[in-house]
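In what follows, chains carry the letters A, B, and so on, assigned in the order in which the sequence lines appear, proteins first and then strands, with residues in each chain numbered from 1.
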Amino acid sequence: MTEITLEMVKQRAEADARTYGYYLNPDPKFLQSLLEGLKRNEERYGYPSCPCRLASGKFEIDRDIICPCDYRDPDVAEFGACYCALYVRKDLYEGKTEVKPVPERRPLEKQSKAYNAATTASEAKPATPTKEEAKPSGSKPKLWYCKQCGYVVFRDEPPYTCPICKAKKEMFAEIKTRIDFT
Amino acid sequence: MQFSKVSGQKRQHKVILYALSTCAWCRMTKQFLEDNNVEFEYVYVDLCEEEDKQKIRDHIQSKGGPLSYPTIIVDDNMIITGFRTDKIREALGL
Ligand code: SF4
């Protein structure tokens, strides 16, 4: 595996901010600690999960909080910053609006999975390892499409908002067509 | 569960801080308590054993708090979620 450097993490965040018209947190120390947190999470979990949320270490469960998380766009739109305040709006970047803590938008049931998942995993391991692996959390990934812009995503649930056109979750519908990849 | 203790002059309240080792708001909160000379104990939840994570979740939820960090519990009855200096000041009389 290639080594993850702080510079890589930073460049990725900068590129993403540029693409979406956001800015990174203007406080260098604050920014630095978030980037270090992302690096640390990528090292220990294999993906850069949100530094300000407890991850389960299981990809399927943490998918919505992999940075940039599902909640970033609605949070920046409503509060001017994402939950961690890594990504901020222009007026906050320029110091015209104060950067304040943002309330948690991630549903509680998803949050508590980070605690349950880990425990069920450690309890289930010695007894029935194969059964657990086949069914990670009771749900199966499906194909979903955004009725507004056509974006397609393959996961258990549609995203909180569409990452392309920002349509709400309700705008997603399941694609029921069978596709044979042969 | 291994709590780390930070000594301070202000010891009127028992202050517990649940934090994540990677979170910038948690760092700010810890720094704020230190700067204000508050004595407190903290633990990084993401570095805990699974069993302890459950205990922490139960503790936070038993006080009616959401499962987000930083969480401060004052005298085992008052809970403050997030870096809210106004609330911390009020609860600790700073
Ligand atoms: S809240 Fe911000 S830093 Fe955390 S995952 Fe979402 S976009 Fe990334």
Side-chain angles (χ1 to χ4, degrees), chain A residues 9 24-25 27-45 48-57 62 65 67 71 81-86 98-125, chain B residues 1-4 16-35 42-73 78-91:
Chain A
V9 177
L24 296 185
N25 194 295
D27 177 343
K29 260 177 84 186
F30 195 91
L31 177 62
Q32 181 75 7
S33 73
L34 284 173
L35 296 172
E36 275 164 14
L38 282 168
K39 175 175 182 282
R40 172 94 187 82
N41 282 351
E42 190 162 354
E43 283 164 352
R44 61 180 169 175
Y45 303 128
S49 69
C50 184
C52 308
R53 291 175 169 117
L54 184 68
S56 69
D62 297 338
I65 53 161
C67 191
Y71 313 101
C82 70
Y83 181 64
C84 293
L86 171 63
E98 198 194 335
V99 182
K100 280 202 277 216
V102 167
E104 175 63 296
R105 191 185 289 271
R106 189 184 198 212
L108 181 65
E109 88 227 34
K110 282 194 179 253
Q111 291 177 48
S112 45
K113 273 193 183 164
Y115 303 78
N116 297 334
T119 348
T120 22
S122 56
E123 277 166 10
K125 239 181 231 158
Chain B
M1 198 181 324
Q2 198 56 57
F3 280 94
S4 309
I16 289 179
L17 167 67
Y18 289 126
L20 300 178
S21 67
T22 49
C23 160
W25 290 115
C26 298
R27 219 201 57 202
M28 301 265 286
T29 307
K30 186 165 169 276
Q31 189 69 52
F32 179 81
L33 292 174
E34 285 169 6
D35 291 348
Y42 71 95
V43 67
Y44 287 131
V45 184
D46 57 316
L47 304 180
C48 284
E49 298 293 331
E50 297 311 331
E51 222 175 284
D52 290 335
K53 280 185 192 163
Q54 293 257 333
K55 278 188 204 145
I56 294 165
R57 177 190 59 183
D58 294 345
H59 190 200
I60 294 176
Q61 289 194 319
S62 74
K63 305 291 165 214
L67 288 173
S68 50
Y69 301 96
T71 285
I72 294 177
I73 298 182
M78 196 197 197
I79 188 157
I80 303 165
T81 309
F83 179 60
R84 295 290 306 271
T85 49
D86 51 340
K87 291 207 173 165
I88 302 172
R89 276 185 203 284
E90 196 190 308

pair A/Leu54-B/Lys53: side-chain heavy atoms closer than 4.5 Å:
yes

Does CD in B/Glu90 sit with more than 12 non-hydrogen atoms of other residues, nucleotides or ligands closer than 6.0 Å?
no

Taken to the nearest 0.5 Å, the spacing of B/Tyr69 OH from A/Cys52 SG works out to 12.5 Å

Note: A/Tyr45 and B/Asp46 closest approach over all heavy atoms is OH-CB, 4.5 Å

N/O donor-acceptor pair under 3.5 Å between A/Glu36 side chain and B/Thr22 backbone:
no

Output the distance between atom SG (B/Cys23) and atom OH (A/Tyr83), rounded to the nearest 0.5 Å.
7.0 Å

With a 4.5 angstrom heavy-atom cut-off, is it the side chain or the backbone of A/Lys39 that approaches chain B, or both, or neither?
neither

For A/Arg40, is it the side chain, the backbone, both or neither that has a heavy atom under 4.5 Å from a heavy atom of chain B?
side chain

Within the 4.5 Å heavy-atom criterion, are A/Glu104 and B/Thr81 side-chain neighbours or not?
no

What I want to check is whether the side chains of B/Arg27 and A/Ser33 have a donor and an acceptor closer together than 3.5 Å.
yes

Which heavy atom of B/Trp25 sits nearest a heavy atom of A/Ala85, and at what distance?
CZ2-CB, 3.8 Å

Can you find a heavy atom in the side chain of A/Arg106 that is under 4.5 Å from one in the side chain of B/Leu67?
no

Checking B/Gln61 against chain A: side chain, backbone, both or neither under 4.5 Å from a heavy atom?
side chain

Which heavy atom in B/Ser68 sits nearest to a heavy atom in A/Gln111, and how many Å separate them?
N-OE1, 4.2 Å

Is it true that, when you exclude B/Glu49 itself, more than 12 heavy atoms of the residues, nucleotides or ligands shown sit nearer than 6.0 Å to its CD?
no

Just wondering, more than 12 heavy atoms not from B/Lys63 lying within 6.0 Å of its NZ?
yes

Scanning both residues in full, the closest heavy-atom pair of B/Arg57 with A/Ser112 reads NH1-O, 3.9 Å

Under a 4.5 Å heavy-atom cut-off, does chain B meet the side chain of A/Leu108, its backbone, both or neither?
side chain

